Peer 1: 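Please find one structure pasted underneath; my questions will follow.
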Amino acid sequence: MTPQKSQFPILFIFLLLLSISLSCAQKHTWQEAFKVLGIAWNRDGTLNRTVQIPMVGPTPDADAKPSPIALSQDIRLSYKSKASIRLYIPINPPKNKKLPLIIYFHGGDFVLYSASTVIFHNFCNNIASEFPAVVASVEYRLAPENRLPAAYDDALNGIFWARDQALGKGGRDPWMEYADFSRVFLLGSSAGANIAYHVALRALDFDISPLKIQGLMLNQGYFGGLQRTQSEIRLKDDPYVALYVNDVLWSLVLPQNLNRDHEFCNPISGGTYLGRVFRLPKVYIKGDHGDPLVDRSILLAQFLQQCNVRLYYRFNQGGFHGIELQNTTAAQQLYNDMRFFMNDVDMLGNLNSGDLSHQVIRLPSDDDKSFI
């Protein structure tokens, strides 16, 4: 009897520690993530989005008050869906020079926001004005009402619309007369960077001439995977992209029964696109080491290098996800990089000090995932 009595407190302590461990592992819930995101389920399975970031209308008139820095208008892509384009041009576009066409995909984790959300509207205004450029911002369908690949389909339709404008099909919008269809760039931030990458690969299967996509610009790409990276572990409680919130988002975005190692989330995991990567045009990748997702961009950059894709990159110390939408210095650095990337024809490489090969990313073992 003595041995049995002596084992009881040990068993009790073990069960207590196990209970504490499990409670810690499950400390975050869907309800918490939904509260952070400002979303809630409706009875019909759609989301009620309560995030209070204003949406604004286009500004087609230069005489509007307050005075705009660029002009904008909304163009419906299809009457069968809500996909549309918000088109931007400078206030005074040059008369004897064509402008590059930037097709833009906004951020929001595939679940939130719109091309008309004020932060993305102002971002496109700045690009159209500063570069200058013609900017076509695609309004794509959101998840979970429309899970991937719906956003990719809408983005591809945006490219087809630009191709039809280049061909003059159905009549060309007068603003598109300023666009140089031989100098087209795909630009995306966060989820938009994910879209830009995937839609560029999809477009390789189609004849989009005379449209010529000269490059991709991927800002703080929204990618993931089942195995945690060092930056995800180090910044798991990040106020902008907390890891538990990120996991919930991907469960809303990916097709049902697929996990985060699907190519939609993890572009270097395999899948149908890998054989096309070497055909991509030049790529610019920008990340910040204060962003939990930064290692995903580094991994993608390393992969593109291995595929002999012409690569430009910048990885800043510090920062956070979406910094260019809040910090004018960070925004100006991004604009400067984009301008250099779009105009450069011979050089390639990094836009800051250091060698990408030194950015070693270790994928932890499964034991490192115990904090979730």
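What you see is a predicted model, and the numbers here were worked out from it, not measured in a lab. Residue numbers run from 1 in the order of the sequence given.
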Peer 1: Would you mind reporting whether Ile213 and Ile159 have side-chain heavy atoms less than 4.5 Å apart?
Peer 2: yes

Peer 1: Decide whether Ser297 and Gln220 meet the rule of one side-chain donor and one side-chain acceptor closer than 3.5 Å.
Peer 2: no

Peer 1: Is it true that Glu139 and Arg86 have a side-chain N and a carboxylate O under 4.0 angstrom from each other?
Peer 2: no

Peer 1: Any luck finding a side-chain donor-acceptor pair between Glu324 and Asn219 under 3.5 Å?
Peer 2: yes

Peer 1: To check you understand the geometry: which heavy-atom pair defines the closest contact between Ala191 and Gly108, and what is its length?
Peer 2: CB-N, 4.4 Å

Peer 1: Where do Val184 and Phe181 come nearest, in terms of heavy atoms and distance?
Peer 2: CG2-O, 3.4 Å

Peer 1: Does the side chain of Ile85 come within less than 4.5 Å of Leu77's, by heavy atoms?
Peer 2: yes

Peer 1: To the nearest 0.5 Å, tell me how far Phe120 CZ sits from Cys124 SG.
Peer 2: 9.5 Å

Peer 1: Does Lys286 pair with Asp288 as a salt bridge, N-O distance under 4.0 Å?
Peer 2: yes

Peer 1: Give, for atom CD of Glu177 and atom NZ of Lys95, the distance between the pair rounded to the nearest 0.5 Å.
Peer 2: 15.0 Å

Peer 1: Are Tyr222 and Asn246 close enough that a side-chain donor and a side-chain acceptor fall under 3.5 Å?
Peer 2: yes

Peer 1: With a 3.5 Å distance limit and no angle check, can you tell me whether Ser129 reaches the backbone of Asn126 through a side-chain donor-acceptor pair?
Peer 2: no

Peer 1: Considering only heavy atoms from C-beta outward, does the side chain of Met342 approach that of Ile102 to under 4.5 Å?
Peer 2: yes

Peer 1: Near Asn96 CG, under 6.0 Å, is it more than 12 heavy atoms from other residues, nucleotides or ligands?
Peer 2: no

Peer 1: Would a 4.5 Å heavy-atom cut-off, applied to side chains only, mark Val283 and Leu218 as touching?
Peer 2: yes

Peer 1: Check whether the ring centres of Tyr113 and His106 lie less than 6.0 Å apart, and answer yes or no.
Peer 2: no

Peer 1: Ignoring hydrogens and angles, state whether a donor on the side chain of Gln333 or Asn316 is under 3.5 Å from an acceptor on the partner side chain.
Peer 2: yes

Peer 1: Taking atom types as modelled and ignoring hydrogens, do the side chains of Tyr152 and Asn194 form a donor-acceptor contact shorter than 3.5 angstrom?
Peer 2: yes

Peer 1: Judged by atom type as modelled, is there a donor-acceptor pair below 3.5 Å linking the side chain of Ser209 to the main-chain atoms of Leu211?
Peer 2: no

Peer 1: Going by an N to O cut-off under 4.0 Å, is there a salt bridge joining Asp344 and Lys282?
Peer 2: no

Peer 1: Could you grab the distance from atom OH of Tyr313 to atom CG of Leu304, nearest 0.5 Å is fine?
Peer 2: 12.5 Å

Peer 1: Answer yes if the ring centres of Phe34 and Trp41 are under 6.0 angstrom apart, and no otherwise.
Peer 2: yes

Peer 1: With a 4.5 Å heavy-atom cut-off, do Phe320 and Gln326 have their side chains touching?
Peer 2: yes

Peer 1: Could Asp207 and Arg163 be called an ion pair, given the rule that one side-chain N must be under 4.0 Å from one carboxylate O?
Peer 2: no

Peer 1: Any luck finding a side-chain donor-acceptor pair between Tyr312 and Arg310 under 3.5 Å?
Peer 2: yes

Peer 1: Given side chains that start at C-beta, do those of Met338 and Ile127 come closer than 4.5 Å, heavy atoms only?
Peer 2: yes

Peer 1: Looking only at side chains, do His121 and Asn125 share a donor and an acceptor under 3.5 Å apart?
Peer 2: yes

Peer 1: At what distance, to the nearest 0.5 angstrom, does OG of Ser116 lie from CG of Asp74?
Peer 2: 7.5 Å

Peer 1: Any salt bridge linking Arg228 with Asp247? Criterion: basic side-chain nitrogen under 4.0 Å from a carboxylate oxygen.
Peer 2: yes

Peer 1: With heavy-atom distances below 4.5 Å as the criterion, would you say the side chains of Leu87 and Val135 are in contact?
Peer 2: no

Peer 1: Are the charged groups of Arg202 and Glu263 less than 4.0 angstrom apart, N to O?
Peer 2: no

Peer 1: Out of curiosity, Leu216 CG to Leu187 CG, how far, rounded to the nearest 0.5 Å?
Peer 2: 10.0 Å

Peer 1: Looking only at heavy atoms, which two atoms of Ile89 and Ala128 are closest? And how far apart?
Peer 2: C-CB, 4.2 Å

Peer 1: Looking at OG of Ser190 and CG of Leu325, how far apart are the two atoms once the value is rounded to the nearest 0.5 Å?
Peer 2: 9.5 Å

Peer 1: Under 30°, 30 to 60°, or over 60°: which ring-plane class applies to Phe131 and Tyr335, parallel, tilted or perpendicular?
Peer 2: perpendicular

Peer 1: Are a donor atom and an acceptor atom from the side chains of Asn48 and Asn42 found within less than 3.5 Å of each other?
Peer 2: no

Peer 1: Does the ring center of His28 lie less than 6.0 Å from the ring center of Tyr244?
Peer 2: yes

Peer 1: Could you walk me through whether Phe123 and Tyr104 pass the ring pair (Phe, Tyr, Trp, His ring centres under 6.0 Å) test, one step at a time?
Peer 2: CA-CA 10 Å; Phe123 183 69; Tyr104 175 68; 5.4 Å; yes

